Structures are given as C-alpha cells and as structure tokens.
Amino acid sequence: MIFAGIDSGSRAIKVILIDEERRILGSGIMDQGVRQAALASQLLKQTVKQIGAIQEEIASILATGYGRDALEFADETVTEITCHAQGVLNQIPQARTIIDIGGEDSKLIRLDADGRVRDFMMNDRCAAGTGRFLEVVSRQLEIDIQNLGNNAHLANKPAVISSMCVVFAETEILGLLASGESTENIIAGVQMSIASRIASMAGRQITEPVILTGGVALISGMAQVLEKTIGHQITVAENPQMTGAMGAAILASHQEE
Amino acid sequence: MKEDIRQISLLDWDKNYARLKRAGLKDPFYGGLLSRHVKEGDLRLLRLKFDNSPEALNLWNFLLTEEERLKAARQNGKKIVGTMKDLGTVPVLAYAFSNVVAFYPDGAWWIPCIMELSAGLLSIADSIGINDSFCPVRAMLGAFISGAHFPIPDLLICSTGATCDDFSAIAQRLSGLGYPIHWWEIPHRHPPDLGESGVPLPGGFQTSPALVDHVKSELEGIKISLEALTQETLDEKKLLASIEVSNRIRKYLNELRRLTFTANLCPLPALELLIAEMLAIHFCSDREETMHVLEGLLYRVRKRIATETGFFNRDAVRIFWVNPVADLSVMNLLEDCGGRICGTEYLFTHALDEIPTDSPPIEALAKMALADPMVGSASDRAKRICRDMRSFGSEAMIISKIPGASHCALEGSIIAEKIRRDLNLPVLEIEVPPVCDSIRTSLRTRLSALIEIVKQRRKN
C-alpha cells in the first residue's frame with residue numbers, strides 16, 4: 001500500500017509517498033502557484049509515475065500546509081504543526097522543540113516527553129522571521145538564494161538590521177549598500193535578524209533537543225546563527241523542507257489503520 | 001420527532017422564517033426577517049452561521065433592533081442613560097427608576113464587525129487622535145460623533161480607576177468633545193489587610209471593608225445624578241426590586257451556560273451563547289424582554305438536551321474561551337475546526353454572579369462591582385478561570401487578545417501560565433481584529449492545531 005503526504009506550503013508544494021513500513025518510495029517538489037489544487041494533483045501524479053505505480057494504489061492521501069483545504073482530492077487534512085511534529089519524531093524521537101521556518105511563516109512547536117505537541121507559537125503576520133525576508137534580500141542583492149549562506153560565511157562584521165519590518169528593512173539595506181557595506185555583511189545581518197525574531201517568539205521556552213525544519217534550514221549558516229542567538233544546540237532535520245510532507249504521509253498511514 | 005438542528009446561513013434563515021410563519025410562528029414586536037438588517041448595513045450577517053431555532057431568531061432580532069427601541073424610548077419621553085465600562089453594575093441602579101432606559105455605548109465596538117467597517121466609525125476615531133493603538137471600543141467615539149447608531153444619551157456614567165486604561169482614555173476624549181460624563185471611581189481590589197476582617201464578594205473573593213465603603217459612596221453619587229435626571233426619588237424598595245429582576249436574568253444565564261457547557265451534545269452554538277451572555281451587562285435596552293428571550297433559549301436548550309439532540313459531533317473539543325472576540329465570525333470558525341464552547345470568561349463574570357441579597361442594596365451593588373475581573377489582579381482572574389474550567393470539564397483554553405487593549409498585553413500570559421501549570425491543559429493565544437478575513441487562514445490553522453493537540457491527548 002502507498003500513503004501520500006502533501007504539504008501545500010506558501011512557496012512550494014511537497015509530496016512524499018511511503019509504504020506501510022514508512023519507507024520513502026518517492027518524493028517531489030514544485031513551486032506553489034495560483035491553481036493550488038491542480039498543481040498539487042499534478043505533482044502527486046508525477047511522483048506516483050516516477051515510482052512506477054498508479055494512482056489507484058494510494059490507500060490514503062493526507063494534505064497539510066496553508067493550502068491544504070484547497071486540495072479536495074485529499075482524504076484528510078491536518079495542520080502543519082501536527083505534521084511537522086510527526087515528521088520530526090519519525091527521525092528524532094527524543095525531539096522536544098521544533099523550529100520551522102517556512103516561506104511565509106515561522107513556528108515554534110514544543111513537544112512533551114511522550115512526543116505529543118504541547119503547544120506552539122506562530123509568526124505569520126510579518127515577513128521578518130521567515131524565508132520571505134531572505135527572498136527579498138536575494139533579489140535586492142542579485143544573489144541566488146541558495147548562495148546566500150556561502151556569502152554570509154565571508155562576513156567579517158554582520159551588519160545591524162534594526163528595522164522590524166521587511167518593507168522598511170529593504171530601505172535600510174539600500175542605505176547600507178549606499179554607505180559601502182559589503183553584501184556579505186548585509187546577508188549575515190539579515191540571517192541574524194531572522195534568528196532574533198525566532199528567539200523573541202520562543203522566549204525562554206526552549207528544551208533540547210531542538211530541531212530545525214522548513215526551507216530556510218537549507219540556507220547554509222542559518223542553523224549556526226540561530227544556535228548562537230537562542231543559546232541552544234540545533235539539529236537540522238534530514239531533508240528539512242520535506243518534514244511536513246513526511247509527517248503527513250505517516251499520518252495518512254495512521255488513517256488507514 | 002427529533003428537532004432538525006442545524007446552523008444555517010442568513011439566506012437560509014429567510015426560507016426557514018417563511019416555513020415557521022406558515023407553521024404559526026408568532027413574532028415578538030421586534031421580530032421579522034433577519035435579512036432586513038443587512039439592508040440596514042449589517043453586512044457581516046451574510047458571513048455568519050446561525051442556530052435555526054425560532055428562539056435564536058428572537059435573540060438576533062432583539063440584539064439588532066436596539067437602536068429602534070432607544071429611539072422609541074426617547075419619543076416616549078424616557079430618559080436614556082449610557083452606562084459605560086462598569087459592565088453590569090450601574091444598569092441595575094438605572095433600571096430601578098421607572099422612566100429610565102439604560103444602554104451600553106461600549107457595545108458599539110461590534111459595529112465595525114457587524115457593518116464590515118462600512119460605517120467608518122474607526123476612521124472617525126482615527127481622525128480625532130484615537131487610532132488603532134487603542135482597543136476597538138474606540139468605535140464608540142465614531143458612533144457618538146456620527147449620531148447614527150444610538151440617540152445621544154441624557155446622561156453618561158462611566159467608571160474609571162481600576163478599569164481598562166484604553167476605555168478611560170477614549171471616554172476622556174468623549175468628554176473633551178463636549179459630552180459630559182458622570183465619572184465614578186472603582187478602586188483596585190485587594191484582599192483585607194493583615195488583622196482586618198474581609199468582606200466576602202461574589203465570585204469567592206474577599207476585600208477590605210474600606211473599598212466597599214468607597215464604592216458605596218461612588219454609587220450613592222450616581223444615584224443622586226439619576227434622581228436629578230428623572231426627578232424621581234430612589235428608595236431601597238425600588239432598588240431591591242431591580243436587583244431581584246437582574247438576579248433572575250443572571251439565574252437564567254447561569255443555567256443556560258451550565259446546560260450548554262456540560263451537555264454531551266452542544267445544545268447552543270458559541271455565537272448565540274456569546275450574544276445571550278452579553279445581555280447580562282446591558283439588557284439590550286429592555287430588561288423585561290431580555291427575560292423573555294432568555295426563557296425562550298432555556299426552553300430550547302432543555303428540549304434539545306432532553307431529546308439528546310445538538311450541534312457538532314460528540315467528540316467536539318471542549319474549549320474555554322477568554323475575552324470576547326471583536327469579529328463574531330471567529331466563534332463559527334472554532335466550531336468549523338472541531339471545537340465547541342465549554343466555559344467562557346468574557347470580562348464580566350461579576351455580571352453573571354447573583355447580587356447579594358443579604359446586604360443593603362447599594363452595598364450589595366458595591367460588592368458586585370468589586371467582584372469585576374478587571375478590578376482585581378490577573379492572578380485572581382486566572383484562579384477563577386481555573387476553577388470554572390475544572391467544573392465545566394474544559395479540555396483547552398483560547399485567550400482571544402483584543403487588539404490595542406492595554407490589559408491584554410500582560411494578563412494573557414499570567415492566565416495561560418496558571419492553566420498550563422495547574423491543569424496541564426493546552427492554551428492558545430490569538431488576536432482578533434474587528435474584521436479578521438485577512439488572517440482567517442492563519443486563525444483556522446491555529447484553532448485546528450489546538451483541536452488536534454487535544455485529540456492527540458485523548459488518545460494517550
């Protein structure tokens with residue numbers, strides 16, 4: 001039997017197919033768009049085809065992510081909070097805190113000793129503290145988002161980004177560029193600014209092990225900056241962008257049970 | 001035959017109304033099609049889901065016709081008194097006079113929601129310097145200035161001191177605009193000093209006798225103002241009679257709450273219960289009719305419980321809700337996400353507790369005023385919430401922060417911490433603006449995640 005987890009996120013759609021033993025059979029990712037349901041369906045079909053299966057072999061489809069309710073073909077929808085927890089626990093059963101930094105929001109999820117979600121905090125009212133900030137900077141500095149981390153490594157003194165809002169930060173960055181600040185220092189400053197946002201959302205409510213998930217975890221150096229800011233060791237989840245989809249696939253297999 | 005219980009849209013209500021009329025429904029004087037209020041600008045009604053019972057229809061029509069009643073009262077020579085901020089104390093005093101209709105201008109805070117910002121009340125408040133750094137109750141200023149939502153009262157009475165700072169500032173601005181206000185001071189409630197014998201208050205609190213004396217003298221001052229306005233002398237007998245009527249309403253409401261919160265199947269949706277609870281503080285400008293509306297709801301709820309009918313699934317997660325929401329549609333959203341209301345604390349529990357009848361009436365009102373959750377400490381409030389959550393069997397708590405409300409900044413974390421520590425229950429804090437459409441997806445995720453957390457706990 002095949003179980004499908006779809007994470008219809010704000011920036012990307014992710015699909016994972018697993019079997020009864022939670023072995024990953026296939027996965028796929030594509031940019032989010034206007035026709036969310038059609039795109040997710042297309043990605044699912046592609047992924048199923050890639051593993052040489054047919055759609056009818058899927059026993060259950062579970063959708064998560066901000067666009068989950070648009071996916072009417074899913075058998076069930078579950079929030080990304082529950083799915084990220086499930087996805088992380090599958091890799092690291094002793095995890096107690098999850099920091100998920102996505103394209104348009106960030107979340108802090110606290111787990112109890114039994115692996116249940118204890119509570120969560122979300123920032124989705126402001127782009128600061130999310131991947132969106134990095135996208136804006138990438139565009140502004142004309143550096144590919146994948147290379148931001150490599151540039152940040154070369155910083156000798158991260159710039160101070162004082163604006164609490166991405167819109168104002170853009171102007172601030174223009175000012176920094178005009179004053180001759182290096183792009184490396186600016187990128188490092190932005191990473192620190194995102195980390196500060198997460199730290200202020202988390203407060204003192206962090207218990208180790210702390211796991212980082214979401215697309216922003218793929219940016220080189222982000223975990224280290226976050227580690228330094230929150231004062232706790234951070235483990236980046238394996239394939240962090242797919243954690244929610246993996247959790248969704250596992251929960252889909254539970255539905256079948 | 002089991003009742004066909006459903007939450008229906010406004011348009012479905014019109015069809016339902018026609019069917020009920022054919023079956024012999026007798027409308028009260030404020031009755032009629034619910035959709036007529038949309039024509040008057042109450043656009044939000046189109047987005048809400050309503051209980052389909054005739055008693056719920058009466059509740060909504062009663063709420064949405066208050067302006068007409070106030071205008072009629074003025075035409076009939078009644079004195080109109082605006083009782084602001086105290087949330088339930090002064091109306092009991094005002095209704096003891098035979099020729100007074102009291103109402104609650106603060107209730108205008110829901111106009112931006114109900115009219116989907118079309119009345120421009122918040123913009124008017126902005127234009128006079130009371131911007132969105134203040135609580136949405138600033139809409140009241142717009143209502144006074146536009147004169148479009150209620151007649152200007154003959155007398156305004158407002159409590160200040162240990163109340164909401166925002167409201168005091170807003171009312172002060174109103175006073176500065178030329179609307180005279182009779183201010184009265186409510187002091188911060190504190191326990192009796194060491195060696196001092198405490199005065200028991202409704203809600204299980206104790207305080208110093210000096211505080212009760214102070215509030216008594218403030219209420220005496222209000223009584224004098226009302227006597228001057230009405231040219232009527234208020235004796236103890238009239239005030240006792242008014243307390244008795246108010247207590248009857250409180251009994252009805254407490255029974256309605258208890259039945260709704262503890263029933264296996266939810267017999268009354270969150271939205272209707274919220275509107276009903278609000279009647280405790282303002283009586284919607286007609287105290288007698290408030291009783292009839294509540295009697296009707298109680299009848300309906302009892303009937304549903306007796307026939308084991310209700311809304312939502314049996315496994316709906318039992319939520320305790322703290323603070324009223326500025327956008328009413330969020331109560332529907334909670335239920336869409338799999339929750340139901342099992343306990344509320346909308347900042348006026350003192351208006352639900354029965355007024356003591358073993359003290360002289362002014363003293364009894366003073367004790368009631370001092371039991372106000374906003375007058376005491378946040379930890380007092382948290383203790384009471386904790387007690388109520390235990391008794392109603394709530395499984396989680398939602399604290400709905402009011403945007404701009406200064407008191408919400410700190411009290412939420414104190415209450416949340418107490419519930420987590422003492423009851424080990426999950427808590428979600430949200431902030432709801434008057435029209436929350438732009439954050440609806442995010443709110444849905446938060447509410448759904450809370451429901452999922454509780455369901456996971458049940459499994460374990």
Side-chain angles (χ1 to χ4, degrees), chain A residues 7-10 32 36 62-71 76-86 89 98 100 102-127 130 200-201 203-205 244 247-248 250-251 254-255 257, chain B residues 132 313 315 317 319-320 333-334 336-339 395-401 403-404 409-410 412-421 423-433 435-460:
Chain A
D7 180 358
S8 179
S10 56
Q32 183 62 281
Q36 298 176 7
L62 193 142
T64 188
Y66 104 107
R68 64 188 180 278
D69 291 327
L71 311 190
E76 185 83 23
T77 59
V78 172
T79 66
E80 50 271 40
I81 289 134
T82 301
C83 287
H84 272 269
Q86 190 65 57
L89 289 167
I98 300 167
D100 168 44
E104 300 274 348
D105 70 17
S106 49
K107 304 178 193 77
L108 183 117
I109 304 165
R110 294 196 300 158
L111 307 170
D112 66 18
D114 298 322
R116 298 176 305 188
V117 177
R118 196 170 155 214
D119 55 22
F120 62 92
M121 277 140 263
M122 262 174 94
N123 158 38
D124 56 3
R125 303 276 299 270
C126 166
T130 75
S200 86
M201 178 171 70
R204 285 169 294 172
Q205 305 178 33
I250 294 168
L251 290 170
H254 291 179
Q255 300 291 331
E257 285 160 18
Chain B
D132 60 4
N313 294 329
D315 73 339
V317 168
I319 301 290
F320 192 99
L333 183 62
L334 171 76
D336 286 348
C337 292
E395 297 174 285
M397 178 167 75
I398 294 175
I399 301 175
S400 172
K401 292 196 279 188
L410 290 174
S413 53
I414 294 170
I415 296 168
E417 196 45 44
K418 171 96 178 153
I419 301 309
R420 287 190 185 111
R421 196 180 56 235
L423 303 182
N424 189 30
L425 291 178
V427 179
L428 173 67
E429 288 188 65
I430 56 173
E431 187 172 281
V432 179
V435 175
C436 75
D437 297 355
S438 65
I439 59 162
R440 198 171 171 81
T441 307
S442 151
L443 273 176
R444 181 181 281 279
T445 294
R446 287 164 203 249
L447 297 176
S448 299
L450 182 71
I451 303 295
E452 287 165 8
I453 290 172
V454 173
K455 288 191 171 172
Q456 186 61 38
R457 282 171 169 238
R458 282 182 187 167
K459 280 184 196 164
N460 296 355

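Please read these numbers as outputs of a predicted model, since none were measured by experiment. Numbered from 1 within each chain, the chains take letters A, B, ... in sequence-line order.
Applying the side-chain hydrogen bond (donor to acceptor under 3.5 Å, both in side chains) criterion to Ser8(A), with sequence neighbours excluded, gives Gln32(A). A search for side chain to side chain contact (heavy atoms under 4.5 Å, CB included) contacts involving Ala85(A) returns Ile98(A), Leu111(A), Val117(A), not counting sequence neighbours.
Minimum heavy-atom separation, Pro426(B) to Arg118(A): CB-O, 4.1 Å.
Counting heavy atoms from C-beta on, the side chains of Asp119(A) and Val427(B) never come closer than 4.5 Å.
Listed options Asp69(A), Asp114(A), Thr77(A), Thr82(A) were ranked by heavy-atom pairs under 4.5 angstrom with chain B; first place goes to Thr82(A).
Taking CD of Glu104(A) as the start and OG1 of Thr441(B) as the end, the distance is 12.0 Å to the nearest 0.5 Å. Taking CD1 of Ile430(B) as the start and CE of Met122(A) as the end, the distance is 12.0 Å to the nearest 0.5 Å. Atom CZ in Phe120(A) sits 4.5 Å away from atom CG in Leu428(B) (nearest 0.5 Å).
With a 4.5 Å cut-off on non-hydrogen atoms, Asp112(A) does not touch chain B at all. Both the backbone and the side chain of Ser448(B) come within less than 4.5 Å of a heavy atom of chain A. Contacts of Arg444(B) with chain A are made by both backbone and side-chain atoms, with heavy-atom separations under 4.5 Å. For a residue to count as touching a neighbouring chain, one of its non-hydrogen atoms must lie under 4.5 Å from one of that chain's; by this rule Tyr66(A) touches chain B with backbone and side chain alike.
At a cut-off of 3.5 Å, with distance as the only test, a side-chain donor of Glu452(B) or Thr79(A) sits close to an acceptor on the other residue.
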